[in-house]
Amino acid sequence: QVQLVESGGGLVQAGGSLRLSCVASGRILSSDVMGWFRQAPGKEREFVAAINWSGSRTYYGDSVKGRFTISKDNAKNTVYLQMNSLKPEDTAVYYCATAQTWGALDLQKNYDYWGQGTQVTVSS
């Protein structure tokens, strides 16, 4: 079992920044991939970003490329999502998740464990 706890969400004005954190505990393997998804009201859950365990590989959804950065601190078992130049359309609940392999990272079904989510609201 893996437990994931997100934090760092909140209310920010358009153009502002937030940094989300996801602390992982439990049975974490060095092969695990960490990802972020988001879900806006009335919309499908959307892939945001992923990173491999060593931090050497990252992958981003098209809507956040150039604005968001995923990183991790293995000593703290923590993954971060730095979000810059935020837009109202970034408003969503953001979820952290783990996958066992690096592949098809934008598919929810490939992720085994999920956190409870943290709300991000961007005002115009």
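In this text the structure is predicted, and so the values were computed from the model without any measurement.
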Exercise. In chain order, what residues pass the side chain to side chain contact (heavy atoms under 4.5 Å, CB included) check against T78, with sequence neighbours excluded?
Worked result: S21, V23, K76, Y80

For this session: Name all residues meeting the side chain to side chain contact (heavy atoms under 4.5 Å, CB included) criterion together with K43; count only those two or more places apart in sequence or in a different chain, and write none if there are none.
Result: A40

Kindly give the heavy-atom pair with the smallest separation between [X] and [Y], and that separation in Å.
| X | Y | answer |
| --- | --- | --- |
| M83 | V120 | CE-CG2, 3.9 Å |
| N74 | W53 | ND2-O, 3.0 Å |
| N84 | S17 | OD1-OG, 2.9 Å |
| S124 | A14 | CA-CB, 4.4 Å |

Going from [atom1] on [X] to [atom2] on [Y], what distance comes out if it is rounded to the nearest 0.5 angstrom?
| X | Y | atom1 | atom2 | result |
| --- | --- | --- | --- | --- |
| Q108 | E46 | CD | CD | 10.5 Å |
| W36 | C22 | CH2 | SG | 5.0 Å |
| T98 | Q3 | OG1 | CD | 10.0 Å |
| Q100 | D32 | CD | CG | 6.5 Å |

Using modelled atom types only, decide if a donor and an acceptor are shared between the side chain of [X] and the backbone of [Y] within a distance under 3.5 Å.
| X | Y | value |
| --- | --- | --- |
| N52 | G55 | yes |
| Y60 | I70 | yes |
| Y111 | M34 | no |
| E6 | Q116 | yes |
| S54 | S56 | yes |

Exercise. Thinking salt bridges, do K87 and D90 make one under a 4.0 Å N-O criterion?
Worked result: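 Between D90 and K87 there is no salt bridge, as every charged N stays at least 4.0 Å from the carboxylate O atoms.
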
For this session: May I ask you to decide if the ring planes of Y95 and W114 are parallel, tilted or perpendicular, using 30° and 60° as cut-offs?
Result: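 Ring orientation of Y95 relative to W114: perpendicular.
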
Exercise. Listed by chain and number, what are the ring-ring contact (aromatic ring centres under 6.0 Å, His included) partners of F47, not counting sequence neighbours?
Worked result: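 Partners of F47 under the ring-ring contact (aromatic ring centres under 6.0 Å, His included) test: F37, Y59.
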
Problem set entry | Matching residue for R38 among L20, T91, V64 - test: side-chain contact (heavy atoms from CB on, under 4.5 Å) | V64

